[in-house]
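Remarks on the structure that follows.
Note that ligands are numbered from 1 as they come in the structure, with each ligand's atoms numbered from 1 the same way. This chain uses plain numbering: 1 for the first residue, then up along the sequence.
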Amino acid sequence: MANLKDNNWSSKLGFVLAASGSAVGLGNIWRFPYLVAENGGGTFIFLYFLCSLGIALAILLAEFTLGRMLGQNMFTAFNNKTGRFLLNGMPIVVSTTILSFYFVVCGWIVFYFVQSLTGQISYSTNDSEYYNLIFKSLLASPFILTLCTCIFIFLTIFINYKGVVQGVERTNLFLLPMLFIILIIMILRVLTLEGASEGVKYVFSFDYNYVTSKALMAALGQAFFSLSIGIGTMLIYSSYVKKDYNLKSSATYTVLIGSGIGIFTSLLIIPAVFAFNYDPNSGPGLTFITLPAVFANLKFGFIFAALLFLIMGMAAITSTISLVEAAVPALANLFKLTRKQAILCYAAICVVISTIQGLAFNKFSGFTIFGKNTFDFAGNFSDYLLTFGAFIVCIVVGWILPKAVAINEVTNNGTVPFKLVKVWLFILKYIAPSVIIIIVSNMIFKVL
Ligand code: TRP
C-alpha cells in the first residue's frame with residue numbers, strides 16, 4: 001500500500017472540521033428539516049439530541065479511538081485472504097451504496113443551482129405546481145441527471161485527488177465556516193418575515209404525543225447517518241490523527257456542529273414555509289418543490305434559492321469527499337494500487353453506479369427490489385449497513401478490546417482527563433448494542 005502513510009491532518013482544527021464536514025451533509029440540510037416537520041417539530045429535535053448525545057457520541061468516540069489506534073495499517077490487519085477481502089470490501093460496499101444515491105441528489109442540487117442563478121427557473125410564481133413540474137421533468141431526463149451528477153462527482157474527486165491536507169482539510173477549512181455564515185444571513189432574513197415566529201415556535205415545541213417508536217427510530221437512524229457513523233469514514237479520518245489530539249473533545253465538537261447545523265437549517269426552512277402558509281409536511285420534496293415556491297414570495301427570491309442550493313452543495317461535498325476517502329485506502333490495499341490510482345478507479349465506479357441510479361427514475365423505473373426502485377432501496381439498505389457497522393464498533397471497543405487499552409488510547413495514555421470514561425464504556429458495552437438490536441428487529445419484523 002504505497003504512499004498512504006504520510007497523510008496526517010496538519011492541525012487539530014483541520015481534523016475537527018473535516019469530521020464535522022463529513023457529518024454536515026444532505027442528512028442535516030435536506031433530510032433533517034423534513035423529519036422535524038413530519039415528527040412534531042421540537043419533539044423530534046429533542047429525541048434526536050437524546051440519540052446523538054446518549055448513543056451516537058459514544059460510538060463516534062469509539063470510532064475515533066479505534067481509528068487512531070489502528071492507524072493507517074488497519075486494512076492490512078488480516079493476513080488471510082478472506083479476512084482481508086471482508087475488511088476491505090465492507091467500506092467499499094457501504095460507501096458505494098451511500099454515494100450511489102447521494103451523488104444523484106447532489107446532481108439535483110447542481111441543476112437547481114445553475115437554473116436558479118441563470119433565471120431558467122423563474123421565481124415569479126408561488127404556485128407549487130410549477131416547481132413540481134420542474135422537479136418531475138428533471139427526474140424524467142436521463143441525460144441532464146447524468147450530466148449534473150457527473151459534474152458533482154468530478155468536483156469531489158478533484159478534491160480527494162489533491163490529497164488529505166491540500167484537498168480534504170483545506171476544503172473543509174474554507175467551506176464549513178462559509179456555509180455557516182451564509183446560513184446565518186438567510187436565517188436572519190427569514191426570521192424577519194411576518195408569520196415566521198409560528199415556525200420558530202414549532203421548531204421548539206414539545207408534545208408528548210409525538211414521542212412514538214416511529215419517531216424514535218427515525219431520530220436514531222438520523223443520528224447515525226448525520227454523524228457519519230458505522231461505515232469507516234470516521235475510522236479513516238481518525239487514522240490521520242496525531243497521538244496528542246484530544247479525541248473526546250473532537251468527538252463532542254463534531255456532534256455539536258453536526259446537530260447544530262441541522263437545527264439551524266430547520267430554523268431557516270420551517271419558519272419560511274410557515275410564513276407563507278405552505279405545508280411543511282411535504283417530505284423529501286420540501287427543499288426542491290416547496291421551498292422554491294416560498295422563495296418566490298421574497299424580493300430577489302432567485303438569489304435566496306441559489307444560495308440555498310449553494311450551501312446544500314457545500315455541505316454535500318464535504319460529505320462526499322469523506323465517503324470517497326473511506327473507500328480509497330481499502331481499494332488501494334485490495335488491488336495494490338497507489339492512492340491516486342485508487343481514487344481514479346473509484347471515480348469510474350461512482351460514475352457508473354450513480355448513472356444507473358439516476359435511471360431509476362426514468363428508463364429503469366420498472367425495475368424494483370423488494371418493491372422499491374433502486375434509488376430508494378439503496379437509501380434503506382445503507383441504513384442497515386450503517387447500523388451493522390455501528391454494532392461492530394460497539395462490540396470491538398466494548399467487548400473485545402481490553403479495557404485498559406481503550407482507556408489508554410482515548411486519554412492519550414492518561415494525560416487527558418476523562419471523567420465519564422466508565423459511562424462511555426458502559427454505553428458501548430450494553431446500551432448501544434441493545435438499542436441497535438431493538439431497532440433492527442423493529443425495522444425487520446415491525447414489532448413495535
Ligand atoms: N453525514 C453525512 C450527511 O449527513 C453523510 C455521510 C458522510 C455519511 N459520510 C458518511 C453517512 C458515512 C454515513 C456514513 O449527509
Legend entry - Side-chain H-bond candidate by donor/acceptor type, Gln357 with Ser100, under 3.5 Å: yes
Inset, instruction - Kindly state whether the ring of Phe32 and the ring of Tyr48 have centres lying under 6.0 angstrom apart. - result: yes
Legend entry - Exercise: do Thr96 and Tyr346 side chains pair donor with acceptor under 3.5 Å: yes
Legend entry - Within the 6.0 Å centroid threshold, strictly below: Phe113 and Phe152: no
Inset, instruction - Measure centre to centre between the rings of Tyr237 and Trp9, then say whether the value is under 6.0 Å. - result: yes
Legend entry - side-chain contact (heavy atoms from CB on, under 4.5 Å), paired with Phe309, selected from Phe111, Tyr112, Trp108: Tyr112
Inset, instruction - Could you please provide the protein residues found below 4.0 Å of ligand 1 on a heavy-atom basis, arranged by chain and number? - result: Ser22, Ala23, Gly25, Leu26, Gly27, Asn28, Ile98, Tyr102, Phe225, Ser226, Ser228, Ile231, Thr233, Ser319, Ser322, Leu323, Leu386
